[in-house]
There are 2 protein chains.
Amino acid sequence: MIERPHLSFELAVDLVVCTVRGAAFEVLLVERGVEPYLGRLALPGGFLRAGEDLIDAAVRELAEETGLSGLDPYLEQVRTYAAPDRDPRGRVATVAYLAILPDLPMPTAGTDAAGARWEPVRRGGLGLAFDHDRILADAVEQARRLLENTPLATAFCRTEFTIAELRAVYEAVWGVPLDPRNFHRKATGLPGFVVPTGEMRSPPTGRPAALFRRGPATALYPPLQRPA
Amino acid sequence: MIERPHLSFELAVDLVVCTVRGAAFEVLLVERGVEPYLGRLALPGGFLRAGEDLIDAAVRELAEETGLSGLDPYLEQVRTYAAPDRDPRGRVATVAYLAILPDLPMPTAGTDAAGARWEPVRRGGLGLAFDHDRILADAVEQARRLLENTPLATAFCRTEFTIAELRAVYEAVWGVPLDPRNFHRKATGLPGFVVPTGEMRSPPTGRPAALFRRGPATALYPPLQRPA
DNA sequence: TATCCTTATCGTCGAGCTGACGATAAGGGA
DNA sequence: TCCCTTATCGTCAGCTCGACGATAAGGATA
């Protein structure tokens with residue numbers, strides 16, 4: 001084994017911040033203000049600071065980019081990218097994080113979020129800077145998989161939500177329509193997935209719906225499988 | 001945004017090399033020959049070299065540590081660890097890779113593999129150096145999950161294998177007994193999982209078993225779920 | 001050779017789950 | 001009051017699952 005020092009890297013964290021707005025699965029992007037890729041859309045992110053662990057940097061960047069404070073975001077590591085030529089400035093490794101937010105109004109004035117905007121996730125990619133299209137694709141696939149096996153969908157919703165809102169999350173992220181009656185049966189029947197609050201909410205039209213909160217389960221068993 | 005340069009890291013790759021030997025789920029460990037953690041068991045790994053991507057370093061380390069060349073290993077990224085205090089020598093980020101090998105006789109003389117040995121995976125950890133117990137636990141959980149959804153189990157077997165050998169992989173990794181008849185039905189019925197070669201193999205005792213190869217499927221649908 | 005042991009493979013059966021879809025409930029608006 | 005919309009509950013045939021019986025096909029042994 002060769003003695004140190006070795007190759008030196010800069011370590012960054014890139015965020016794939018996802019939400020569901022209306023019927024659309026959207027991701028938060030920023031327009032780059034510096035070279036390289038000046039003017040191109042990219043995932044928000046930044047470099048680690050002294051004393052920070054990866055998750056610390058991800059939480060900090062998320063707060064900076066969204067301008068939202070005090071939220072309890074769902075954050076999960078996706079994977080790490082370190083190809084020698086992925087950044088023309090030198091050797092930069094980036095750790096991708098998947099962040100899930102409910103559809104919140106975002107403050108934009110006077111923050112980093114001023115240059116941030118939501119874009120619908122399209123298959124085929126969005127023409128992002130660096131290898132961010134690939135990172136986005138990996139994160140989206142991870143989100144789709146996590147919807148099957150974990151209560152991740154509740155992170156797209158506010159504290160209290162209806163079954164229809166939860167179903168809209170699955171439909172938007174998976175990109176498939178689901179039968180409302182079968183989905184209702186499965187979602188309310190899965191142990192620990194959702195718990196009723198006893199309250200009701202009247203949508204703009206139609207019968208009022210019961211409200212639920214996220215349940216104690218950390219995994220869905222059996223999983224809610226995507227249709228073939 | 002602050003201009004560069006930023007905090008500098010060294011980037012390592014650590015390998016969780018798994019196999020199934022007999023009925024045991026085992027992992028490849030090395031005894032550390034230098035400080036820190038001199039003499040303690042650790043995951044094999046090493047630092048990235050100039051021009052290498054992560055997967056290149058993982059493949060190179062795997063060849064060095066096992067002494068095996070020309071094998072086509074299954075390698076998959078697990079996650080990245082970069083806590084500020086995880087390495088007393090400084091800021092070292094490590095990307096963990098899961099590697100799956102069939103039960104092969106390993107050459108040991110005159111290679112890095114001389115100090116390597118297989119240890120059964122135990123719950124509660126193995127008392128490894130650094131944060132390697134945590135890394136091992138994460139990788140093992142990933143392997144258990146991949147067994148459900150992908151043909152990963154075939155990577156534990158040689159090119160040709162019997163259904164009983166495949167079942168032994170599931171039983172060892174999951175740590176649960178499986179019904180041979182039901183497993184046979186599901187494994188042979190899953191589209192693209194295994195394909196019969198037409199050959200037979202006689203085990204030391206009992207009726208000869210049909211041989212199979214890995215099929216073309218990259219995902220198991222429906223998944224082979226772990227028992228509750 | 002006949003018997004037994006072992007493992008492989010095929011069948012059977014009832015419970016439970018799935019998707020398709022009918023029926024009813026409960027709000028607002030015309 | 002009628003109608004439109006969404007929520008929620010039921011029904012039902014088909015499928016899958018786990019438990020387990022039955023048979024096949026080797027070698028070992030009496």
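Only heavy atoms go into these numbers, but all of them, side chains included; no hydrogens, no water, no symmetry mates. Just so it is clear, the structure is predicted and the values come from calculations on it, not from any experiment. In what follows, chains carry the letters A, B, and so on, assigned in the order in which the sequence lines appear, proteins first and then strands, with residues in each chain numbered from 1.
Taking atom CD on A/Gln225 and atom C1' on D/dC17, their separation rounds to 13 Å, with Å as the unit. Atoms CG (A/Asn182) and P (D/dG14) sit 17 Å apart, rounded to a whole Å. Rounded to an integer number of Å, the gap from A/Phe183 CZ to D/dA7 P is 12 Å. A/Leu224 places its CG atom 13 Å from the P atom of C/dC17, with the value rounded to the nearest Å.
A search for side-chain hydrogen bond (donor to acceptor under 3.5 Å, both in side chains) contacts involving B/Asp138 returns B/Tyr81, B/Arg134, not counting sequence neighbours. Listed by chain and number, the residues in a salt bridge (Lys or Arg N to Asp or Glu O under 4.0 Å) with B/Asp53 amount to none (sequence neighbours excluded). Listed by chain and number, the residues in a salt bridge (Lys or Arg N to Asp or Glu O under 4.0 Å) with A/Arg122 amount to none (sequence neighbours excluded). A/Asn182 meets the side-chain hydrogen bond (donor to acceptor under 3.5 Å, both in side chains) test with A/Arg185; sequence neighbours excluded. Looking at residues two or more places apart in sequence or on another chain, you find a ring pair (Phe, Tyr, Trp, His ring centres under 6.0 Å) between B/Phe183 and B/Tyr170. Applying the salt bridge (Lys or Arg N to Asp or Glu O under 4.0 Å) test to B/Glu119 and every residue at least two apart in sequence or in another chain returns B/Arg117.
Within residues 194-222 of chain A, the residues having any heavy atom under 4.0 Å from DNA chain C are, by residue number, A/Gly206, A/Arg207, A/Pro208. Contacts between residues 184-192 of chain B and DNA chain D, defined by a heavy-atom separation below 4.0 Å, involve B/Arg185, B/Lys186, listed by number. Against DNA chain C, the stretch residues 150-167 of chain A makes no heavy-atom approach under 4.0 Å.
Under a 3.5 Å cut-off, the side chain of A/Gln142 and the backbone N or O of A/Gln77 do form a donor-acceptor pair. A donor-acceptor pair under 3.5 Å links the side-chain atoms of A/Asp133 to the main chain of A/Gly127, judged by distance alone.
For the pair B/Arg145 and B/Glu141, the salt-bridge criterion is not met [side-chain N within less than 4.0 Å of a carboxylate O]. Salt bridge present: A/Glu165 and A/Arg201 bring a charged side-chain N and a carboxylate O closer than 4.0 Å.
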May I have the list of side-chain donor-acceptor pairs in residues 205-225 of chain B shorter than 3.5 Å, sequence neighbours left out?
from: B/Arg213; atom 1: NH2; to: B/Glu160; atom 2: OE2; distance (Å): 3.1
from: B/Tyr221; atom 1: OH; to: A/Arg226; atom 2: O; distance (Å): 2.7

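For residues 17-30 of chain B, the salt bridge (Lys or Arg N to Asp or Glu O under 4.0 Å) pairs, not counting sequence neighbours, are B/Arg21-B/Glu26.
Put simply, the side chain of B/Arg181 and the base of C/dG11 share no donor and acceptor less than 3.5 Å apart.
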Any protein N or O atoms within reach of nucleotides 1-3 of chain D? Criterion: under 3.5 Å, listing atom names and distances.
none

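Side chain to side chain, B/Asp14 and B/Thr94 meet the donor-acceptor criterion of an N or O pair below 3.5 Å.
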